[in-house]
There are 2 protein chains.
Amino acid sequence: MSIIKITDETKKESISTEDYLKAIYKLMNVSSGSVKTQDIANKLGVTSAAVSEMVKKLATKELLDYIPYKGVRLLPEGIKKGKLVIRRHRLIELYLHEYLDIPRNMVHEEAEVLEHFASDYLINKMDKKLGFPQFDPHGAPIPDKNGIIPTHKTAIPLSESKKGDVCKIVRVSNFDSELLEHLENEGITIGVLITVSGILEFDGTVQVRIGEKTSSLSTKICQNIWVDPIN
Amino acid sequence: MSIIKITDETKKESISTEDYLKAIYKLMNVSSGSVKTQDIANKLGVTSAAVSEMVKKLATKELLDYIPYKGVRLLPEGIKKGKLVIRRHRLIELYLHEYLDIPRNMVHEEAEVLEHFASDYLINKMDKKLGFPQFDPHGAPIPDKNGIIPTHKTAIPLSESKKGDVCKIVRVSNFDSELLEHLENEGITIGVLITVSGILEFDGTVQVRIGEKTSSLSTKICQNIWVDPIN
DNA sequence: TTAGAAGTTTAAGCATGCTTAAACTTTTTG
DNA sequence: CAAAAAGTTTAAGCATGCTTAAACTTCTAA
Ligand SMILES: [Mn+2]
Ligand SMILES: [Mn+2]
Ligand SMILES: [Mn+2]
Ligand SMILES: [Mn+2]
């Protein structure tokens, strides 16, 4: 017999709460400041009214700081929980891809729901099977149990590469299933070696060679493809 | 572009609805008649009032027949959906046991939640990896995609065995995690060969030999252990 | 056969999390 | 700098699914 203290930290958050924390965490990393109601609403596909109500509750739980009309900022506990959701999400994606042959462009939607229901016990089993991996199938970093996030140390966005560069794709992020599938068909996927054969003056379109094939990639797309230059 | 018709059959049921259908399906197989409010309430750990309300809704959806004060009987669509939840549950249990080294006595609670969230796509991937298995880690049958349920054709409950019988354990059912773990420690688990070394007149306690070891099993327990007599 | 026990349903209320519409605050712009 | 636009919050309401308490039905046993 053992007594387990249920503190605010041990209590499991609701699915919605987890999705809010994850979304806010990600938004904090791009806007690197306070996050706006509407940005959260867009990310989660709900109305701003819903976000207003929810952040009020999250503020009460001390997961974030909320200044009405100004925005929201995660507190340490909120950051920790947000990272943990991301950890579960990415481990699940990798597991599904590696062990159940689920294509990269399909793992996200499965993970989006399973991230809330796979127990820590199960997550740790997957982690172990996978050999404590650092990156998911899109090259996104997997926070470890303590929230430490690995990095692609020498990587740059493809949009900042120069003509003639030879590099390895290390991350392909923020794309929907359809676009991911298209890129994969073009040969643009994690681990692949590419050569930057040209960059258009006009709009920054990057032309790359992958083996025999050639692809043109818009600036917007290139900002979301990270590569490791090979010297 | 394709048009998908959302009919009552294709629409996903809520978690609660799935649990109700599964519970009622199981209860129909033991009482083989109409199922009572209170039995459902006990199985699901909710009040009878909650069950009353819910079965009214399920009746509207034509998943079951409901006669107030009399009971409930699943209709074909309800049976189909109940079986599908069981299929998902058991495939998940087996997958977790086989591929993630989760012990038999722990797979149930994971499956109890994942059964509602693993997509058909994912379930079919697991099914394939497992080689379209017929039984879960407790020996319970896994309904196939069409709802066909395999059987242990020649199995009998251990409670009906005779002294001297040599048999193989094919199913260990209805036990909680703790009891399952205890039985496993005793060597009473799927696939194991046992010899019935005696049956007590007094209360039907069955004494079995497993290799060098000996165990005494109450009638109640023996009714839930199924064995295949080896001639 | 009938009173009381047992079982079931209805009613009222709560929690979560969403919506739309109205009210309010902040930002932008002429 | 004030009016309009943009963004945010509050208010009211809905859906789901649960609870307890009260009302109702059915079963059982004297
Ligand atoms: Mn993802
Ligand atoms: Mn999610
Ligand atoms: Mn189970
Ligand atoms: Mn369940």
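Basis for what follows: all heavy atoms, side chains included, without hydrogens, waters or symmetry-related copies. Model, not experiment: these values are computed from the prediction. Convention: sequence-line order gives letters A, B, ...; per-chain numbering from 1.
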Participant: Once you round it to whole Å, what is the distance between P of C:dT19 and CG of A:Leu44?
Facilitator: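 Computing the A:Leu44:CG to C:dT19:P distance gives 10 Å.
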
Participant: Given atom CD1 of B:Ile40 and atom P of C:dG7, what is their separation to the nearest angstrom?
Facilitator: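 Nearest whole value for this atom pair: 15 Å.
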
Participant: Atom CD1 in A:Ile190, atom CD1 in A:Ile225: separation rounded to 0.5 Å?
Facilitator: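 Atom-to-atom, A:Ile190:CD1 and A:Ile225:CD1 are 9.0 Å apart.
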
Participant: Please pick, from C:dG17, C:dT26, D:dT26, the nucleotide with the shortest atom-to-atom distance to any side-chain atom of B:Lys70.
Facilitator: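 That would be D:dT26.
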
Participant: Does C:dC18 have its OP1 or OP2 closer than 4.0 Å to a side-chain nitrogen or oxygen of A:Tyr20?
Facilitator: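 Checking C:dC18 against A:Tyr20, a side-chain N or O does come within under 4.0 Å of OP1 or OP2.
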
Participant: Is the distance between the ring centroids of A:His108 and A:His138 under 6.0 Å?
Facilitator: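 That pair fails the under 6.0 Å test.
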
Participant: Are A:Glu93 and A:His97 linked by a side-chain donor-acceptor pair shorter than 3.5 Å?
Facilitator: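 Note: A:Glu93 and A:His97 side chains miss the donor-acceptor criterion.
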
Participant: Rounded off to whole Å, could you give me the CD-to-P distance for the B:Glu18 and D:dG17 pair?
Facilitator: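 So the two atoms are 11 Å apart, to the nearest Å.
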
Participant: With a 4.0 Å cut-off on N to O distance, would you call A:Lys81 and A:Glu18 a salt bridge?
Facilitator: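 A salt bridge is absent here (no side-chain N lies under 4.0 Å from a carboxylate O).
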
Participant: D:dA15 P sits how many Å from B:Glu13 CD, rounded?
Facilitator: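 After rounding, the reported distance stands at 17 Å.
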
Participant: Mapping A:Pro68 and A:Gly45 to their closest nucleotides on DNA chain C, which lands nearer the 5' end?
Facilitator: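 Per heavy-atom nearest nucleotide, the more 5' residue is A:Gly45.
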
Participant: Distance check needed: D:dT26 P versus B:Tyr69 OH, whole Å only.
Facilitator: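 Rounded to the whole Å, the gap is 7 Å.
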
Participant: Using a cut-off of strictly less than 4.0 Å between a heavy atom of the residue and any atom of DNA chain C, enumerate the qualifying residues of residues 46-54 of chain B by number.
Facilitator: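 Under 4.0 Å from DNA chain C: B:Ser48, B:Ala49, B:Ser52.
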
Participant: Less than 4.0 Å between a side-chain N and a carboxylate O, is that true for A:Lys129 and B:Asp101?
Facilitator: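 Yes, this pair counts.
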
Participant: Quick one: is C:dT9 close enough that its OP1 or OP2 comes under 4.0 Å of any side-chain N or O from B:Tyr66?
Facilitator: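 Checking B:Tyr66 against C:dT9: at least one side-chain N or O falls below 4.0 Å of OP1 or OP2.
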
Participant: Taking atom types as modelled and ignoring hydrogens, do the side chains of B:Ser119 and A:Glu110 form a donor-acceptor contact shorter than 3.5 angstrom?
Facilitator: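 Yes, because at least one side-chain N or O of B:Ser119 sits under 3.5 Å from a partner of the opposite role on A:Glu110.
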
Participant: Using whole Å, report how far NZ of A:Lys57 lies from P of C:dA15.
Facilitator: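 About 11 Å, once rounded to whole Å.
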
Participant: Among A:Asp127, A:Asp136, A:Asp120, A:Asp144, which one satisfies salt bridge (charged side-chain N to carboxylate O under 4.0 Å, His left out) with A:Arg87?
Facilitator: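 Only one of A:Asp127, A:Asp136, A:Asp120, A:Asp144 forms a salt bridge (charged side-chain N to carboxylate O under 4.0 Å, His left out) with A:Arg87, namely A:Asp127.
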
Participant: Taking CG from A:Asp19 and C1' from C:dT16, how many angstroms apart are they, rounded to a whole number?
Facilitator: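 Answer to the nearest Å: 14 Å.
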
Participant: To the nearest Å, give me how far apart CD (A:Gln38) and C1' (C:dT26) are.
Facilitator: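 Taking CD of A:Gln38 and C1' of C:dT26, I get 13 Å after rounding.
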
Participant: Below 4.0 angstrom from OP1 or OP2 of C:dT9, is there any side-chain N or O of B:Thr37?
Facilitator: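 So the side-chain polar atoms of B:Thr37 do come within 4.0 Å of the phosphate oxygens OP1 or OP2 of C:dT9, strictly under.
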
Participant: Quick check on D:dT10: is either OP1 or OP2 less than 4.0 Å from any side-chain nitrogen or oxygen of A:Lys56?
Facilitator: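 A:Lys56 to D:dT10 OP1/OP2: side-chain N or O found under 4.0 Å.
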
